[in-house]
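Everything below concerns the one structure shown next.
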Amino acid sequence: MPELPEVETYRRFINETCLHQPIAEVTVQDPRRQLQLDLDEFRQALIGSQFTGTERLGKQLFLLTDRSTIVTLHFGMTGDVAYYRDETDTPRFARAVFRFQNSFHFAFVDSRKFGRLGLTESVAEFKQRKKLGPDALTLTTEELTQGLAKKKSAIKPLLLDQRIAPGIGNWIADEVLFQARLHPERPAPTLTPAEVERLAAATRQVLETAVRAEAIYRDFPAHYLIHAREWDTAPASETGQTHLNCPCCQTLIQKKYVGGRATYYCPNCQVV
DNA sequence: CAGATTGTTAGGAG
DNA sequence: ACTCCTAACAATCT
């Protein structure tokens with residue numbers, strides 16, 4: 001689930017829990033898969049150091065330390081964070097655990113092991129190496145126009161391209177397109193400047209709303225498409241409420257695969 | 001139990 | 001060399 005709003009929420013959580021406390025031990029359950037460097041190097045770089053602050057770019061999280069090294073965290077599809085004192089409270093699927101000298105623990109939790117941990121010298125270096133574009137939370141019309149230049153494909157896969165506006169994931173992409181009233185398969189070259197501007201504005205607005213709601217989807221505004229996604233119908237059906245219709249025009253929400261990802265849209269509000 | 005799943009990336013086709 | 005698309009990755013949930 002971790003798209004930009006979740007990662008931003010994790011960042012704030014870490015800021016409130018993990019800073020300025022010497023690290024006593026670091027364990028990684030499956031370093032060959034999830035750690036991008038040797039486990040001993042990782043431990044030596046961090047044991048005895050403290051986290052001093054955090055940064056975020058798209059879905060990538062950076063933990064600054066009082067040394068010249070920065071921890072990089074990517075949460076994959078199922079990454080989460082946890083902070084607890086007793087080892088007996090270690091969450092299921094804790095894949096990496098930082099124990100602080102005050103005996104509290106910070107855990108990188110990730111059932112599916114798609115997440116990654118690594119080290120970098122600087123955020124700028126990391127951004128360049130990964131070719132990440134400008135953060136989607138503050139995406140300007142100019143940045144989006146630049147990012148879409150010479151692109152030929154459908155707009156939705158481009159919104160998911162982290163080199164254009166990192167932070168947008170599959171669900172947010174659908175929400176942004178719905179709010180901008182654009183069909184997910186619109187070819188990027190056919191977008192008018194006004195539509196690109198609408199898309200950039202919707203991106204900022206959806207992400208700001210999601211961050212404000214701390215990525216808790218049921219707290220999103222009622223006119224959001226996200227309530228119509230299938231996964232929302234399970235809990236909703238228990239209360240007798242389903243939201244499979246467009247919150248704007250009541251048309252049945254369609255599902256199809258665009259760029260290999262499940263895509264939800266309103267065939268009435270979002271015309272190609 | 002078959003089929004779905006959030007993100008990223010390698011590999012192939014063009 | 002670049003763009004675009006697909007499939008694979010691991011594990012879990014429904």
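Reminder, nothing fancy here: chain letters follow the sequence lines and each chain counts from 1.
Computed from coordinates, the Glu185(A) CD to dC4(C) P distance equals 15 Å when rounded to whole Å. Lys151(A) has its NZ atom 6 Å from the P atom of dC4(C), to the nearest Å. Atom-to-atom, NZ of Lys156(A) to C1' of dC4(C) comes out at 17 Å; the value is rounded to the nearest Å. One atom, CZ of Phe114(A), and another, P of dG7(B), lie 11 Å apart when rounded to the nearest Å. Computed from coordinates, the Leu148(A) CG to dC4(C) C1' distance equals 15 Å when rounded to whole Å. Rounding to whole angstrom units, NZ of residue Lys113(A) and C1' of dC13(C) are separated by 18 Å. Rounded to an integer number of Å, the gap from Ile155(A) CD1 to dC5(C) P is 12 Å. Straight-line distance from the CZ atom of Arg95(A) to the P atom of dA11(C): 7 Å, rounded to whole Å.
Closest to the side chain of Arg92(A), from the set dT12(C), dA4(B), dG7(B), is dT12(C). Out of dG7(B), dC4(C), dA11(C), the shortest distance to the side chain of Lys152(A) is found at dC4(C).
Considering only side-chain N and O atoms, Tyr257(A) lies nowhere under 4.0 angstrom from the phosphate OP1 or OP2 of dA7(C). Applying the 4.0 Å criterion to OP1 and OP2 of dA4(B), one finds that Lys255(A) has every side-chain N and O outside that range.
Residue-level contact check: Phe93(A) touches the backbone only, with heavy atoms under 4.0 Å from sugar-phosphate atoms and none from bases.
Using modelled atom types, no side-chain atom of Glu214(A) and backbone atom of Thr9(A) make a donor-acceptor pair closer than 3.5 Å.
For the atom pair Arg99(A) CZ and Glu87(A) CD, the distance stands at 7.5 Å (nearest 0.5 Å).
A donor-acceptor pair shorter than 3.5 Å can be found between the side chains of Glu175(A) and Gln179(A).
Salt bridge present: Glu25(A) and Arg43(A) bring a charged side-chain N and a carboxylate O closer than 4.0 Å. Using a 4.0 Å cut-off between charged nitrogen and carboxylate oxygen, Asp219(A) and Arg212(A) do not count as a salt-bridge pair.
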Report the C-alpha separation of Glu16(A) and Arg12(A) in whole Å, then their side-chain angles, then the decisive distance to 0.1 Å, and conclude whether the salt bridge (Lys or Arg N to Asp or Glu O under 4.0 Å) test is met.
CA-CA 6 Å; Glu16(A) 309 234 323; Arg12(A) 295 175 184 185; over 6 Å; no

Please write out the pairs of protein N or O atoms and N or O atoms of nucleotides 8-14 of chain B separated by less than 3.5 Å, giving the distance to one decimal.
from, atom 1, to, atom 2, distance (Å)
dT8(B), OP1, His74(A), NE2, 2.5
dT8(B), OP2, Lys59(A), NZ, 3.0
dT8(B), OP2, Gln162(A), NE2, 3.4
dT8(B), O4, Arg261(A), NH1, 3.1
dT9(B), OP1, Lys130(A), NZ, 3.2

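Of the two residues near DNA chain C, Ala149(A) and Gly260(A), the one whose nearest nucleotide lies more 5' is Ala149(A). In terms of position along DNA chain C, the nucleotide closest to Leu158(A) lies nearer the 5' end than the nucleotide closest to the other residue of the pair Arg33(A) and Leu158(A).
Ring geometry for Phe108(A) against Phe75(A) counts as parallel: the plane angle stays under 30°, on a 0 to 90° scale with 60° as the upper cut.
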